[in-house]
Peer 1: 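First the structure, then my questions, so here it is.
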Amino acid sequence: MSAKNILTVENIAFERNDNLLFHPVDLALSRGEALHIEGSNGSGKTTLFRLLTGVLQPSCGSVYFRGKPIEQCRYDYLSELLFIGHQSAVKGMLSAQENLKWMSPPATSAEELACALSSVGLEGYTHIPCHNLSAGQHRRVALARLITSKASLWYLDEPFAALDKQGIALIESCMQAHIEQGGAILFSSHQDLAKTAVRKYSIVGYQEAF
Amino acid sequence: MSAVLSGGFSAYLYRDLLLAYRCRSDLARPLIFFLVVSTLVPLGVAPEPARLAALAPGIIWIMALLASLLSIESLFSSDFQDGSLEQMLIAPNLLAMPILGKVTAHWLVIGLPLALISPLIGIMFSLPAVAMVPMVLSLALGTAVLSFIGAVGAALTLPLRKGGVLLALLVMPLYMPVLIFGSATIQSAVDGLAWSGSLAILGAFLAIAMALCPLAIAAALRLSS
Amino acid sequence: MKLNRQWTWFHRLGSPRWFYQKTQCWLPWLGAIAAILLVTGLVWGLAFAPPDARQGNSFRIIYLHVPASFLALAGYYLMAIAGAVGLIWRIKLSFMLMKSAATIGAALTFIALFTGAVWGKPTWGAYWVWDARITSMLILLFLYLGMLVLRHAFTNHESANKASAILGLVGTVNVPIIYKSVDWWQTLHQPATIKLTSAPSMHPDMFAPLLVMILGFYCFYALALILFTRAEILERERRASWVRELVAEKQGGL
Amino acid sequence: MQFDNVQQLLVMDGHGVYVWSAVFVSVCVLIGLIIRPLRQHRRAIKKIARELNLKKTGKLTGNSQEASDASNT
């Protein structure tokens, strides 16, 4: 595994109730590159993300971060990682700014938080408890982390879900900027990116194990 | 990820206390339950002070145990629903630290108030004054142990929809030693004996629970995703 | 396909197929030994052992109560160890052993409780007596029931196995604590009554059948464990090729 | 033999009912612990055999049957 690859995945498979969820996955991701994971509903994309972040242990195969298995370099792998899943991990009782402050590096100042929130279109909502906001706005608070985060490796599970046109364009520009700065992105989505060039990888659901 | 998350213990303790403070009204729920259920006993058993005083140590402890059990289920379920549990699992720091932070926050918010309010029940049960201090101390220490063991049950039954009763069944056998030594502290104080021994054993339970429970909770949380 | 877990002998030992075939020939022998030990022990204890001076003939229940409670406790530790092995090395077979040990353990604890309660009637005049031994046996039964109920609550087998393994480990830490605290609680509230299991101080004629019964129960436990696990293996591995050949061959033979 | 005849064995000077009820229940539970896994074992074999037959007959009537087989196992 050449050190250039920030992430290498060697035929990962996961078994639930004696059924393999998807055909073993083999992929590699290097700096300054985005990989678009395609797959029908229920083909196991979310499970793949859980396997990549190390929350679930694969039935066979393994994940390498810069050439080392993630079990051995857990600390620096996870400090370099930003994962945004289906759920937006936003607390209803906290305000949008408090939520973002909680999820971004401690050094970020109040101005940075405010400008990140305004750039995702939440100017007036920074100090309102989030249970008053809509699901789309919750999603935007979660995605504001893309601006404040310093992680180099991004895992985005369906970032464009519940977002309007303007939100999608905004997120795509963030991803474009991140790639140009040498970051790496692995994202799953049902729609294609308009501008940025991406490699595609499709997951095939598995009917029945061996 | 970010230093705030890797701060672990203090970060989660602060956040959970802030969240509890934001919805202060449901903090009173376990306390009101504790008071109401304790008033059932004289109605059910007998109002004579002598008989009540004989029952008081056990009853107060059982009510505190049930109040703590009631409130433990929501420890992880709100984080599980909105996805912040997944972020906790991915944080680079040791998973035991956020768990310690959350359980301490739960104890500060539920266990300690129960202990502080228990003299009120003691007076209602005509408990002798000498037993008030050991009662508060044993309840304070005991509810901390109950929070740790209850958190293990809550983490195990997290992915299940109706985990409430199952949580009680799983955790009840593990609560019994704490109940035995907790009510024994008050009982020996009422009888005028030295009560520091059983209190020390409660402290030992707390030490064991604080060391081992986070490991079990971490393993159970990883399982729930 | 490079398997990231290299096949050590430990893993081969843990493969369900090896277990299924190996135990095929052990079953008749184990069954015979267990039957002989249990029958001789029971007949010897019930008919030939001398009656106890104080309790008369009702003490003969000891020949069922002591082995059952002995095995119930030992079974709990075996279950927890199987769960731990399954969790650490992720061996399917040890999870199956754990599941079978949970069922057998619960049944043995029930036997211990029932015989203990029935024994209480002639000795203390009441069916349920809060004697230290019986109370800790009751708590052990609740621990077993907690394991079984938790296992059935999960739809996905893997998380059911892991959750009950974790609960088993938490339980093992608590079992000695529970036993010690119940003993301490017993001395606090009641003067020491007749200790139910005063085995060693018994007359040799009484003690010999007890030893035979304990050995018999151990063989029985191994037999039941193997039977339960074999059934579990067939259920879990029904898609494996060796299971299909086995069934086809058995079908051909019928 | 401690007792002269069977009748005394059953009565065991008054304690017989307790001893024999305990023995009866314990033996029933022990036998149950043997019968249940055996029955479970037989049921599992029958289930697998039925799956095998389904697959065998499936092959005879062409591949379309195969697809429906795979989905419902």
Side-chain angles (χ1 to χ4, degrees), chain C residues 31 34 38 42-43 45-51 55-61 63-65 67-68 100 103-104 107-108 110-112 114-123 217 220-221 223-239 243-244 246-248 250-251 254, chain D residues 1-60 63 65-73:
Chain C
L38 283 180
L42 209 53
V43 166
L46 290 184
F48 292 91
Q55 294 175 16
N57 286 313
S58 72
F59 107 97
R60 294 180 194 284
I61 300 182
Y63 294 118
L64 283 169
H65 178 75
S100 331
T103 329
I104 303 167
L108 288 181
F110 170 74
I111 293 178
F114 182 83
T115 50
V118 163
W119 191 353
K121 184 74 175 108
T123 354
F217 261 77
F220 176 84
Y221 190 91
L223 177 70
L225 192 68
I226 291 175
L227 283 175
F228 267 102
T229 314
R230 280 164 63 88
E232 190 64 28
I233 287 175
L234 281 191
E235 234 162 84
R236 281 281 71 69
E237 302 282 322
R238 61 182 178 281
R239 283 213 179 74
V243 172
R244 294 186 171 197
L246 188 99
V247 171
K250 205 179 275 274
Q251 224 182 8
L254 290 187
Chain D
M1 170 79 165
Q2 287 296 328
F3 306 94
D4 310 338
N5 54 40
V6 174
Q7 213 279 332
Q8 263 192 344
L9 179 70
L10 284 180
V11 168
M12 272 192 192
D13 25 352
H15 291 161
V17 65
Y18 304 116
V19 174
W20 289 109
S21 63
V23 167
F24 176 71
V25 166
S26 311
V27 167
C28 285
V29 172
L30 291 181
I31 292 172
L33 274 181
I34 294 294
I35 290 173
R36 188 161 181 282
L38 288 178
R39 198 185 294 147
Q40 216 176 336
H41 191 274
R42 204 174 305 119
R43 226 183 299 133
I45 287 186
K46 225 180 268 135
K47 194 159 154 256
I48 298 171
R50 210 172 338 106
E51 272 169 26
L52 277 181
N53 294 350
L54 213 64
K55 204 164 278 304
K56 223 175 285 156
T57 47
K59 281 202 175 54
L60 293 179
N63 276 340
Q65 178 77 4
E66 178 66 35
S68 67
D69 276 348
S71 60
N72 63 29
T73 48

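The chains referred to below are lettered A, B, ... by the order of the sequence lines, with proteins before strands, and numbering in each begins at 1. These numbers come from a predicted model, not from an experiment.
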Peer 1: If only atom types and distance count, is the side chain of C/H65 paired as donor or acceptor with the main-chain N or O of C/A112 below 3.5 Å?
Peer 2: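 Yes, C/H65 side chain to C/A112 backbone: donor-acceptor pair under 3.5 Å.
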
Peer 1: List the atom of C/R244, the atom of D/L52, and the distance in Å for their closest heavy-atom pair.
Peer 2: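 Result for this residue pair: O-CD1, 3.6 Å.
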
Peer 1: Checking heavy atoms, do the side chain of C/F48, its backbone, both or neither come under 4.5 Å from chain D?
Peer 2: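 Looking at C/F48, backbone and side chain both touch chain D.
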
Peer 1: For residues D/I48 and C/L234, report the shortest heavy-atom separation together with the two atoms involved.
Peer 2: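 Looking at all heavy atoms of both residues, the closest pair is CD1-O, 3.9 Å.
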
Peer 1: Tell me, with the steps shown, if D/N53 and D/R50 meet side-chain hydrogen bond (donor to acceptor under 3.5 Å, both in side chains).
Peer 2: CA-CA 5 Å; D/N53 294 350; D/R50 210 172 338 106; over 6 Å; no

Peer 1: Would you mind checking which part of D/V23 comes under 4.5 Å of any heavy atom in chain C, side chain (CB onward), backbone (N, CA, C, O), both or neither?
Peer 2: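 Both parts, heavy atoms under 4.5 Å.
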
Peer 1: With chain D as the partner, which of C/A47, C/A49, C/A224 has the greatest number of non-hydrogen pairs under 4.5 Å?
Peer 2: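 Max contact count across the listed options: C/A47.
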
Peer 1: Please classify the contact between C/L46 and chain D as side chain, backbone, both or neither, with a heavy-atom cut-off of under 4.5 Å.
Peer 2: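 Contact with chain D is through both the backbone and side chain of C/L46.
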
Peer 1: Under the side chain to side chain contact (heavy atoms under 4.5 Å, CB included) criterion, do D/V29 and C/F114 qualify, and how do the steps go?
Peer 2: CA-CA 11 Å; D/V29 172; C/F114 182 83; over 6 Å; no

Peer 1: Considering only heavy atoms and a distance below 4.5 Å, find which of D/G32, D/A44, D/S26, D/S21 pairs most often with chain C.
Peer 2: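 The option with the most such pairs is D/S26.
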
Peer 1: At a 4.5 Å cut-off on heavy atoms, which part of C/F110 comes close to chain D: side chain, backbone, both, or neither?
Peer 2: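 For C/F110, the side chain is the part near chain D, not the backbone.
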
Peer 1: C/F217 versus chain D, heavy atoms under 4.5 Å apart: side chain, backbone, both or neither?
Peer 2: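 Answer is side chain: those atoms of C/F217 sit under 4.5 Å from chain D.
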
Peer 1: Closest approach of C/F228 and C/S100, non-hydrogen atoms and distance?
Peer 2: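 So the minimum-distance heavy-atom pair works out to CB-CB, 3.3 Å.
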
Peer 1: Identify which part of D/K46 has an atom lying under 4.5 Å from any heavy atom of chain C, answering side chain, backbone, both or neither.
Peer 2: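 Interface part for D/K46: neither.
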
Peer 1: Is D/L38 close to chain C through its backbone or its side chain, or both, or neither, when contacts mean heavy atoms under 4.5 Å?
Peer 2: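 Just its side chain gets close to chain C.
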
Peer 1: Which bit of D/H15 comes within less than 4.5 Å of chain C, counting heavy atoms only: side chain, backbone, both or neither?
Peer 2: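 The side chain, not the backbone.
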
Peer 1: Does any heavy atom of chain C fall under 4.5 Å from the side chain of D/R39, the backbone, both, or neither of them?
Peer 2: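 No part of D/R39 comes within 4.5 Å of chain C.
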
Peer 1: Please look at C/L223 and chain D and tell me whether the side chain, the backbone, both or neither of the residue comes under 4.5 angstrom of a heavy atom of that chain.
Peer 2: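 Contact with chain D is through the side chain of C/L223 alone.
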
Peer 1: C/L227 vs D/L33, test: side chain to side chain contact (heavy atoms under 4.5 Å, CB included). Steps then yes/no.
Peer 2: CA-CA 9 Å; C/L227 283 175; D/L33 274 181; over 6 Å; no

Peer 1: Please lay out, stage by stage, how C/L246 and C/V243 fare under the test side chain to side chain contact (heavy atoms under 4.5 Å, CB included).
Peer 2: CA-CA 5 Å; C/L246 188 99; C/V243 172; 5.5 Å; no

